[in-house]
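Data block below; observations after.
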Amino acid sequence: MSEDSVVSTKFRVLELFAELNDFELDSIEQWICSRSYKKELETKKLMQISERCLVKIGETIKEIVPFEAEMPSETIIPPTVGDQADCNTVNTCHVDEFLYDQDEVVDLVKVGKLKKHYCLDCNSRNVQELTLISHSMSRQSLQYIFKVLLPSDLEDKQILDVGSRLGAVLYGAYYFSNAGTIVGIEMNKEFCDVQNRIISQYSLDNNRIKVINSDVLERSDVVQSADVIIINVLDFFVDIEKHKEMWRFFKKYIKKGSYLVCNRSMADTLSYLDMSEESLNWISICRPSQLENEIFFDIEDCSELFLYTVN
Ligand SMILES: C[S@@+](CC[C@H](N)C(=O)[O-])C[C@H]1O[C@@H](n2cnc3c(N)ncnc32)[C@H](O)[C@@H]1O
């Protein structure tokens, strides 16, 4: 590090310190003086190494899927209920968070590859911001799931991602956890091909990670044998009736003691589907298992992730 960059780092540190009150400043001073931050720095560097593996995989996927990461063979329909019911094909655009993080989105907007606004009233400045949605989880969310929410030791556990799409959750489980078995189930064949291509190109251990091309409703056996089930919001992919059927199916087949991870609260999901009463008693919300690792995350970015146990 040059002298200039030391000065500029001190500038940035002082900027941060200037925002703290006396108590907060004392706590930070104690933390640095105790030198425990050194151990945390080591952990952070290890996490960055794992994250770089996901970045590389993302770069490969960008070359093999369309820019929007949606396939011609898919039927994607904006939902009619829930917190995304205001999305439609005019005001909404898909930018996959696993492939493009926030900094990359800013760059895409700068070079004009991505538009952030749409015109409400042609030829005028009366524009509206587009809603950007992602069908995949971000690298940040994946790290939070495996480094904060779930227990650190998953060696003898089976993880199941329902609707594994590009495989983001599978690669996250592979690099951020020691999970013994990682299974993705995806109804779209083109996406299964993408996942299998990545597994083979990156020589991921076939005994540890696998993809099943099926409707999850046909594979109660796979759901029954999972210890951790991860479900990203399915609203754009199934109609209300099928969505309800899926939650009844999960309630029936997910075994007691399993973990369920969702990126929207179950209370919200089930109330949007008008099925709260019949369904909420089978799960309990859980505290994160590795709270000591929260230090590595911007908690606000991860506040939409929920961990439950099945009663
Ligand atoms: C929101 S994406 C989730 C992607 C991935 N789990 C992640 O978080 O990065 C939902 C995926 O579920 C798939 N899907 C929806 N219903 C399904 C079903 N009944 N069986 C299998 N896959 C399904 C869709 O094709 C879509 O790719």
Side-chain angles (χ1 to χ4, degrees), residues 54 57-58 61-62 65-66 68-79 82-84 87 92 94-101 132-146 149-150 159-176 179 182-196 198 209-223 226 228-254 260-264 269 272-273 302 304-307:
L54 295 203
I57 289 178
I61 295 176
K62 282 178 195 171
V65 301
E68 299 75 21
E70 293 177 340
M71 294 299 196
S73 55
E74 288 192 278
T75 311
I76 299 179
I77 300 173
D83 51 359
Q84 296 179 318
C87 292
T92 305
H94 180 236
V95 187
D96 196 282
E97 280 185 340
F98 179 69
L99 302 183
Y100 302 98
D101 64 19
L132 301 186
I133 52 148
S134 174
H135 298 319
S136 294
M137 293 211 195
S138 64
R139 296 190 299 269
Q140 175 84 356
S141 296
L142 293 167
Q143 293 212 46
Y144 189 80
I145 290 173
F146 294 105
L149 287 186
L150 289 167
I159 295 190
L160 171 65
D161 180 31
V162 175
S164 48
R165 200 166 184 83
L166 300 175
V169 174
L170 310 186
Y171 318 132
Y174 194 91
Y175 288 107
F176 299 144
I182 302 161
V183 181
I185 197 158
E186 170 56 60
M187 64 183 179
N188 181 284
K189 164 89 169 55
E190 284 187 281
F191 280 123
C192 291
D193 293 343
V194 170
Q195 294 167 67
N196 281 319
I198 294 297
I209 182 168
K210 74 169 176 178
V211 181
I212 300 169
N213 180 203
S214 169
D215 186 321
V216 68
L217 296 179
E218 316 268 300
R219 296 302 303 264
S220 55
D221 57 325
V222 178
V223 174
V228 176
I229 293 106
I230 300 180
I231 307 183
N232 190 340
V233 169
L234 295 166
D235 301 10
F236 281 79
F237 302 94
V238 288
D239 63 26
I240 296 176
E241 279 320 305
K242 172 117 184 197
H243 208 167
K244 285 184 174 180
E245 190 185 348
M246 286 174 84
W247 281 111
R248 287 191 193 110
F249 169 88
F250 292 138
K251 182 179 175 187
K252 181 167 175 196
Y253 289 110
I254 297 178
L260 175 63
V261 180
C262 302
N263 56 352
R264 180 168 66 199
T269 293
Y272 295 148
L273 293 170
C302 302
E304 295 303 308
L305 290 164
F306 297 85
L307 175 70

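Order of appearance sets the numbers: ligands from 1, and atoms from 1 within every ligand.
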Checklist outcome for this item: Those residues with a heavy-atom separation under 4.0 Å from ligand 1 are H135, S136, M137, D161, G163, R165, A168, V169, E186, M187, S214, D215, V216, N232, V233, L234, F237, V238, K242, M246
Checklist entry - In this structure, which one of I230, L142, I145 forms a side chain to side chain contact (heavy atoms under 4.5 Å, CB included) with L305? => result I145
Checklist entry - Do we see a donor-acceptor contact under 3.5 Å between the side chains of S136 and R165? => result no
Checklist outcome for this item: In V228, I182, I212, V223, the residue satisfying side chain to side chain contact (heavy atoms under 4.5 Å, CB included) with L160 is V223
Item to check | Ring centers of F249, Y253 separated by less than 6.0 Å | outcome: yes
Checklist entry - What closest approach, in Å, do R139 and F176 show between heavy atoms, and which atom pair accounts for it? => result O-CE1, 4.1 Å
Next on the checklist: Please find the pair of heavy atoms, one from S164 and one from E186, that lie closest to each other, and give the distance.
Outcome noted: N-OE1, 3.4 Å
